[in-house]
**Q** 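After the C-alpha cells below, expect a handful of questions from me.
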Amino acid sequence: MSLRNQANKISDNVWEIPTSVRKDMNVPVHIYSNDNLFASLDDGVIKQSMNVSSLPGLVQKVNVMPDAHWGYGFPIGGVAAMDIEEGVISPGGIGFDINCGMRLIQTNLTIEVVQPRLKELVNELFKAVPTGVGRKGPLPLTHTQMHGVMKDGIDWVIENDLGWAEDKKFMEEQGKIEGAKPELISQKARGRGQNQLGTLGSGNHFLEIQVVKEGNIYDKEAANAFGINKNNQIVIMVHCGSRGFGHQVASEHLNLFLDIMPKYGIKILDKELAAAPIKSREGENYFASMACAANLAFVNRAIIMENTRKVFSRIFKQDPEDLGMNLTYDVCHNIAKFETHKIDGETREVLIHRKGATRSFAPNHSDLAEKYKPHGQPVIIGGSMETGSYILAGTESSMTQAFGSSPHGSGRTMSRSKAKKQIDGKTLQQNMLKKGIYVKGASLRGLAEEAGLAYKDLDDVVKAAQGGGLSRPIVKLLPIGNIKG
DNA sequence: ATGTCC
C-alpha cells in the first residue's frame with residue numbers, strides 16, 4: 001500500500017499527515033500539491049517528511065513543496081522551522097550544495113538580434129563559464145581573497161569591482177549571510193573552493209538564455225518592476241551553488257554530528273538526518289561554516305554573471321550597462337537561515353531550513369528592494385532545459401502558511417540512471433536544436449539526464465504553488481540557448 | 001549536488 005494513503009487531502013492543494021500516523025512525529029506535515037502531482041508523488045517523500053517531523057524543536061509543521069522528491073535525509077522541497085532554544089540544525093535539511101540558487105539577469109535585447117548570433121553566444125559562454133565536475137575557474141584566489149569571499153559575500157565582489165554596487169539590492173539577504181567564520185573552515189574545503197569561483201558545476205546546474213513572450217506575462221506591473229517589459233525580450237538565468245566547497249563543509253559536519261549526537265541525547269531514525277542543537281558549539285560552528293559556503297555561492301553566481309556580461313558586451317559591441325544587463329534577483333534554494341516570522345499569532349525568530357525550496361517573502365517585507373515592495377519578492381524557479389522557467393512573486397499567505405517559502409523548480413520524476421538508459425544525448429541535442437534551443441554541455445550523458453521527460457511538469461508545479469497560496473506567477477520564460485555541466 | 005570511494 002502506498003504511503004500516500006497516510007495523508008488526508010484538506011484542501012484542493014494541501015495534503016496533511018497528522019501526528020497520529022506515527023508515534024514519533026512531533027508536528028504534522030503539510031504537502032502542497034495537486035491531484036496530478038500527488039498521484040505520482042514518491043513514497044520516499046512521505047516517509048522522509050515524517051522522519052523530519054520526528055526531529056526535536058520543530059515549530060508548527062513540516063512543509064513539503066509541490067516539486068518535492070526523495071533526497072538525502074530531508075526530501076528536496078522540504079521546509080522546516082526550528083525553535084532557537086529547543087531545535088537542531090541538520091546538514092541534510094540544507095543539502096550538500098549549500099546555497100545552490102538561482103539568479104536572473106535582464107537585457108534590453110530581443111530575439112531578433114540574438115537569434116542570428118545564438119550559436120556564437122552559447123559557444124562563447126561555454127568558454128567563459130567552465131562546466132562539469134571538478135572544473136577549475138577563471139579566478140583562482142589567494143588566501144586573503146578567499147577569506148574575503150567567505151566572510152563578506154557580495155561585498156567582496158563589489159569592493160573588487162567584479163560586479164555592480166546595485167546588484168546587492170536585488171539579492172536574498174543582500175548577498176551576505178552574517179556570522180560567517182572563515183577560521184573554522186578546513187584546509188581541504190578551502191583548497192576545493194579556492195579555484196572554483198566562476199564555474200557552473202554539473203547535474204542540473206545551467207546557464208540559460210531565455211525569451212519572454214507577451215502572452216506569458218501574467219502581471220504586467222510586477223513584471224515591469226522585475227525588469228521584464230517587452231515581447232521577445234531576452235533574459236539570462238543561472239543555476240548553481242557552492243561547488244566542491246559547500247560539499248566538503250556539509251560532509252565534514254555530517255560526520256562530526258554522527259559522533260556527537262549521543263552527547264546531546266539526539267535520537268534520529270535515519271543517519272542522514274544527523275543534527276546538532278542550534279545552541280551548541282557544534283551547531284553554531286556548522287552555521288558559521290555554512291554561512292561561509294553560502295557567501296561563496298553568492299560570489300560564484302556573481303562572477304558567472306560578470307563573465308556573462310563580458311561575453312554579451314563583446315558579441316553585441318555595447319557596454320553591459322547599455323545592454324541593460326541588470327540583476328533581477330538572486331535567491332537561495334538550499335540554506336538554513338535565522339528569520340523572524342509571525343507563527344500562530346506570535347512574532348518569533350526561528351531557524352528555517354529550506355532544501356530545494358525558495359524564499360518567497362510577501363509584499364512590503366523589509367528585506368525587499370523598494371521597487372519590489374508593491375509586488376513581493378521575485379521567486380525564480382527553473383524548469384527543465386526543454387520546457388521553460390518561471391518568475392513568481394511571494395505572497396502574504398506564503399508567510400502565514402509556509403514561513404515565506406515556495407517551490408524551486410520542477411523536480412525529477414525519473415532517476416538519472418533511468419534517464420541515461422532511455423535517452424540518447426546526441427539525439428536529444430539535435431531534437432532540441434530543431435525546436436530552436438541550442439544546448440551545449442560538458443557531456444552528452446549528462447545532457448540525457450536533464451531531458452524534459454525526466455522532470456515533473458513545471459506548469460503543474462506553478463499551478464499547485466499558486467493554488468496553495470505559496471506564490472503567484474508573474475512571467476514564464478522559454479529557453480533558446482543553454483550551457484550545462 | 002560532489003576531485004560521483006582516502
Side-chain angles (χ1 to χ4, degrees), chain A residues 44 48 67-78 90-103 129-137 140-141 146 185-207 238-256 258 271-272 274 289-290 292-294 296-298 300-301 304 331-336 353-358 382 384-385 408-412 414-421 441-450 454-455 483-485:
Chain A
Q48 288 191 320
D67 54 340
H69 53 113
W70 181 88
Y72 184 93
F74 281 54
I76 293 159
S90 171
I94 293 162
F96 279 92
D97 190 4
I98 295 164
N99 191 8
C100 177
M102 203 75 109
R103 64 164 47 197
V129 183
T131 65
V133 179
R135 282 298 297 274
K136 291 181 181 178
L141 300 179
M146 185 66 185
I185 299 297
S186 69
Q187 278 309 313
K188 194 172 180 184
R190 190 183 276 269
R192 288 181 72 172
Q194 212 143 353
N195 52 23
Q196 284 191 319
L197 273 194
T199 65
L200 202 57
S202 68
N204 64 357
H205 289 168
F206 64 78
L207 185 156
V238 175
H239 179 214
C240 70
S242 50
R243 308 287 287 101
F245 181 78
H247 190 274
Q248 189 63 35
V249 168
S251 305
E252 288 172 11
H253 287 85
L254 269 165
N255 289 332
L256 173 69
L258 284 173
K271 71 174 178 51
E272 295 183 356
S289 304
M290 183 214 68
C292 290
L296 181 134
F298 281 138
N300 191 31
R301 291 194 287 274
I304 288 173
V331 289
C332 314
H333 281 170
N334 278 1
I335 200 159
H353 291 68
R354 287 194 191 92
K355 181 192 193 178
T358 313
S384 82
M385 61 188 180
H408 82 309
S410 38
R412 297 194 74 87
M414 195 187 284
S415 71
R416 293 188 171 275
S417 54
K418 196 175 167 194
K420 260 187 297 203
K421 272 182 209 155
S443 86
L444 286 171
R445 280 171 66 196
L447 202 64
E449 292 176 5
E450 294 300 315
Y455 281 87
I483 71 169
K484 296 206 69 75

**Q** Provide, to the nearest angstrom, the distance between the CG atom belonging to A:Asn99 and the P atom belonging to B:dT2.
**A** 13 Å
**Q** Please report, rounded to the nearest Å, how far the C1' atom of B:dT2 is from the CD1 atom of A:Ile76.
**A** 13 Å
**Q** Rounded to the Å, how far apart are A:Asp97 CG and B:dT2 P?
**A** 6 Å
**Q** Round to the nearest Å and state the distance from A:Tyr72 atom OH to B:dT4 atom P.
**A** 16 Å
**Q** Run the side chain to side chain contact (heavy atoms under 4.5 Å, CB included) test on A:Ser384 and A:Glu450 for me, step by step, so that the C-alpha distance in whole Å, both residues' side-chain angles and the decisive distance to 0.1 Å come before the verdict.
**A** CA-CA 7 Å; A:Ser384 82; A:Glu450 294 300 315; over 6 Å; no
**Q** Nearest-Å distance, CG (A:Asn255) to P (B:dT2)?
**A** 19 Å
**Q** Can you name the residues that form a side-chain contact (heavy atoms from CB on, under 4.5 Å) with A:Ala454, not counting sequence neighbours?
**A** A:Arg412, A:Met414, A:Ala419
**Q** Without decimals, in angstroms, what is the distance between A:Arg445 CZ and B:dT4 P?
**A** 14 Å
**Q** So what does A:Arg243 hit on the nucleic acid, given a heavy-atom distance under 4.0 Å: a base, only sugar-phosphate, or nothing?
**A** sugar-phosphate
**Q** Tell me whether the side-chain N/O atoms of A:Ser202 come closer than 4.0 Å to OP1 or OP2 in B:dT2.
**A** yes
**Q** Calculate the interatomic distance between A:Gln248 atom CD and B:dC5 atom C1'; express it in whole Å.
**A** 13 Å
**Q** Would you kindly give the CD-to-C1' distance between A:Glu449 and B:dT4, to the nearest whole Å?
**A** 11 Å
**Q** Listed by chain and number, what are the side-chain contact (heavy atoms from CB on, under 4.5 Å) partners of A:Asp67, not counting sequence neighbours?
**A** A:Met65, A:Pro407, A:His408, A:Val461
**Q** Look at all strands and tell whether A:Gly95 reaches a base, only sugar-phosphate, or nothing, counting heavy atoms closer than 4.0 Å.
**A** nothing
**Q** For the residue pair A:His205 and A:His239, categorise the inter-ring angle as parallel (less than 30°), tilted (30 to 60°) or perpendicular (more than 60°).
**A** perpendicular
